[in-house]
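Below is one structure, written out as structure tokens, with a few remarks after it.
Just so it is clear, the model here is predicted, and its values are computed rather than measured.
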Amino acid sequence: MIRPLARNGGGEVAVHEEGPRVPRWLAVLAGTGGSLLGLATNLYSAEFRRAIAATSEWLSATVLSALLIATVSSGSALAFYRLLARRHGPTELQTGEIPITSDAIQHIHSEGDSVVGRSLRYLETKRDSNDLVIFLHGLGLDYDDFQSYMLESRFHCIALTLFGFNTSERNDDHYKPISLESHLQLLAYALRRFRKDNPHKTITVVGFSFGADALLLLNRYAQDQIRDVRIERTVLLDPNVNRTTTTISSKVAAVNSQDPLPELVDLLHSARDIGELGYLCAYLRKITSKDFGQVRRHAQEVVGVWQGDGYDQFLDRVGQLARIARDVHIILSFAFENQFNGMARAARNRGLDISNLDCSRLGHFDLIGPQFLKERLEGLLYPPQRPTDP
């Protein structure tokens with residue numbers, strides 16, 4: 001944890017059946033091919049169809065068919081592999097929702113953000129555990145990103161989707177884009193609900209990417225709401241630490257709303273290897289299936305709250321988070337390797353304990369992989385016992 005050394009004072013049910021892992025080459029092939037096709041159709045469904053029609057006038061039907069079949073087949077092969085792999089009993093994932101009622105208004109400061117009468121949706125796996133782990137997703141993502149881990153976790157788990165980021169809300173005028181401030185105040189509203197429903201459980205909140213930023217900003221935007229939630233620990237996976245780390249958010253924020261495709265595809269060039277390319281393709285496909293106006297506004301405001309290239313602002317926010325959570329754990333991806341030493345040194349110069357600040361050898365999206373989450377969360381919540389002296 002990074003912390004001061006001295007401190008003052010039920011819905012639908014989804015069924016999953018486990019089986020052997022999909023080979024990495026097959027997952028990358030299927031993900032990249034399907035995601036590129038999905039990205040094009042999500043952004044330009046009508047234009048995409050016209051392009052195919054125009055192309056067929058000069059490209060032979062045989063070649064065009066081969067390209068389409070190859071793309072579709074990659075996804076079909078993955079689906080067929082998973083179908084054959086099912087051999088264990090089902091595990092239930094329950095979806096739920098938190099109605100946003102009039103009592104939320106006292107905490108929503110923006111007069112222009114209409115939220116009452118809507119709801120926040122979440123995914124839950126209930127288990128007989130004293131630990132409740134709550135997951136917060138990255139920019140433009142949703143609770144689905146934590147499904148794989150939740151199915152095999154030993155803890156009671158809830159993954160929350162922020163307001164307006166469900167695919168079903170894409171064309172719903174009731175879920176118009178709202179401010180970052182209102183997003184965070186609604187997050188606190190949801191955390192209070194989860195605490196009320198689980199009064200005796202120990203709460204750990206895990207934030208990935210923007211979800212980690214949200215934790216760092218909670219005390220700033222929702223101090224009164226969050227005070228009574230009694231968060232035991234927070235786990236921040238790849239939070240932003242200054243303006244230079246807002247790479248994806250900055251690119252999404254700068255996208256031309258009238259012609260977003262070129263700039264979004266340009267984001268793919270930041271991939272370090274084919275595995276990360278697959279992740280980025282899947283990411284772009286997912287955020288373009290949402291209300292992109294919501295995603296773009298969110299990205300612009302996220303970039304706006306990070307200033308400069310130092311670490312003082314980040315460490316100030318870590319200190320604020322330590323006021324509402326007993327432990328603060330920060331795990332960074334390999335992309336932070338060149339900044340880690342300076343960040344750790346700045347924290348130590350402030351007299352902070354940096355034993356829970358860690359830089360892994362994994363990529364950004366690997367931090368929400370089920371195996372990594374399983375190892376890290378179970379290690380944090382149930383650390384190995386040290387042998388006692390005889």
Side-chain angles (χ1 to χ4, degrees), residues 1-5 7 16 18 21 88-94 122-138 143-160 190-191 194-209 211-212 214-216 218 226 229-239 318 321-334 344 352-362 365-390:
M1 174 191 78
I2 278 193
R3 61 184 174 196
L5 294 177
R7 295 177 57 186
H16 172 85
E18 296 179 349
R21 292 179 178 272
H88 297 296
T91 302
E92 290 186 350
L93 289 166
Q94 297 182 332
Y122 62 89
L123 191 68
E124 183 173 21
T125 52
K126 293 184 177 180
R127 291 186 175 87
D128 184 18
S129 169
N130 291 326
D131 288 289
L132 170 60
V133 182
I134 300 171
F135 295 95
L136 307 178
H137 59 79
Y143 59 49
D144 283 339
D145 297 289
F146 302 101
Q147 273 197 50
S148 297
Y149 169 72
M150 291 172 66
L151 286 162
E152 60 186 60
S153 174
R154 62 192 293 183
F155 311 120
H156 178 183
C157 295
I158 296 175
L160 178 71
L191 292 175
F194 295 143
R195 166 52 77 194
K196 180 179 178 181
D197 291 345
N198 302 276
H200 304 300
K201 293 201 172 188
T202 299
I203 291 181
T204 295
V205 186
V206 179
F208 168 64
S209 194
L215 289 172
L216 291 172
L218 263 180
I226 205 65
V229 175
R230 305 194 319 276
I231 299 173
E232 176 68 12
R233 66 182 61 80
T234 56
V235 182
L236 280 58
L237 304 174
D238 256 11
V318 170
L321 179 58
R323 298 173 189 169
I324 59 177
R326 190 177 68 84
D327 285 332
V328 179
H329 300 262
I330 301 170
I331 304 172
L332 303 171
S333 68
F334 194 64
L352 301 178
D353 176 5
I354 62 170
S355 60
N356 285 354
L357 173 62
D358 187 21
C359 188
S360 74
R361 299 196 302 177
L362 298 179
F365 292 99
D366 290 318
L367 295 180
I368 52 175
Q371 187 59 37
F372 180 77
L373 288 175
K374 183 177 177 65
E375 292 172 357
R376 283 305 180 103
L377 290 181
E378 293 192 5
L380 289 175
L381 274 62
Y382 292 102
Q385 297 294 320
R386 295 181 179 179
T388 57
D389 294 331

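Taking the six-membered ring where the residue is Trp, F146 and F135 present parallel rings, their angle staying beneath 30° rather than reaching 60°. Taking the six-membered ring where the residue is Trp, Y122 and F194 present perpendicular rings, their angle passing 60° and hence far from 30°.
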* Asked: Would I158 and E124 count as a side chain to side chain contact (heavy atoms under 4.5 Å, CB included) if you check the C-alpha gap in whole Å, the side-chain angles of each, and the deciding distance to 0.1 Å?
  -> CA-CA 4 Å; I158 296 175; E124 183 173 21; 3.8 Å; yes
* Asked: Does the pair S153 and L377 meet the rule for a side chain to side chain contact (heavy atoms under 4.5 Å, CB included), with working shown?
  -> CA-CA 9 Å; S153 174; L377 290 181; over 6 Å; no
* side chain to side chain contact (heavy atoms under 4.5 Å, CB included) assessment of I226 paired with L191 -> CA-CA 8 Å; I226 205 65; L191 292 175; 3.6 Å; yes
* Which is it for F208 and D145 under the side chain to side chain contact (heavy atoms under 4.5 Å, CB included) test, yes or no, and what are the steps along the way? -> CA-CA 10 Å; F208 168 64; D145 297 289; over 6 Å; no
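Closest heavy-atom contact between K201 and R127: NZ-O, 3.6 Å. Here the closest heavy-atom approach between residue L160 and residue A190 is recorded as CD2-CB, 3.8 Å. Of all heavy-atom pairs spanning A212 and P239, the tightest one is CB-CB, 3.6 Å. Residues R195 and R230 come closest through the heavy atom pair NH2-O, 3.0 Å. Across every non-hydrogen atom of M150 and L123, the tightest pair is CE-O, 3.4 Å.
The OG1 atom of T234 sits 8.0 Å away from atom CG of L216, with the distance rounded to the nearest 0.5 Å. Here the SG atom belonging to C359 is positioned 12.0 Å from the CD1 atom belonging to I330, to the nearest 0.5 angstrom. Taking CG of D131 as the reference point, atom OG1 of T204 lies at 6.0 Å (rounded to 0.5 Å). If you take CG on D358 and CG on L237, they are separated by 11.0 Å, rounding to the nearest 0.5 Å. For the atom pair CG (D128) and CZ (R154), the distance works out to 12.0 Å, reported to the nearest 0.5 Å. We find the CD1-CG distance between I231 and L215 to be 7.0 Å, quoted to the nearest 0.5 Å.
V235 has its side chain within reach of I331: a pair of non-hydrogen atoms, C-beta onward, lies under 4.5 Å apart. Here the side chains of K374 and Y149 are in contact, with some heavy-atom distance below 4.5 Å. Side chains of V205 and V229 form no contact here, defined as non-hydrogen atoms less than 4.5 Å apart. Under the 4.5 Å side-chain criterion, counting only non-hydrogen atoms from C-beta, L357 is not in contact with L352.
Around CG of D197, the count of heavy atoms belonging to other residues, nucleotides or ligands within 6.0 Å exceeds 12. Annotation for F372: atom CZ counts as buried by contact number, over 12 foreign heavy atoms lying within 6.0 Å.
Distance alone, capped at 3.5 Å, places no donor-acceptor pair between the R326 side chain and the R233 backbone.
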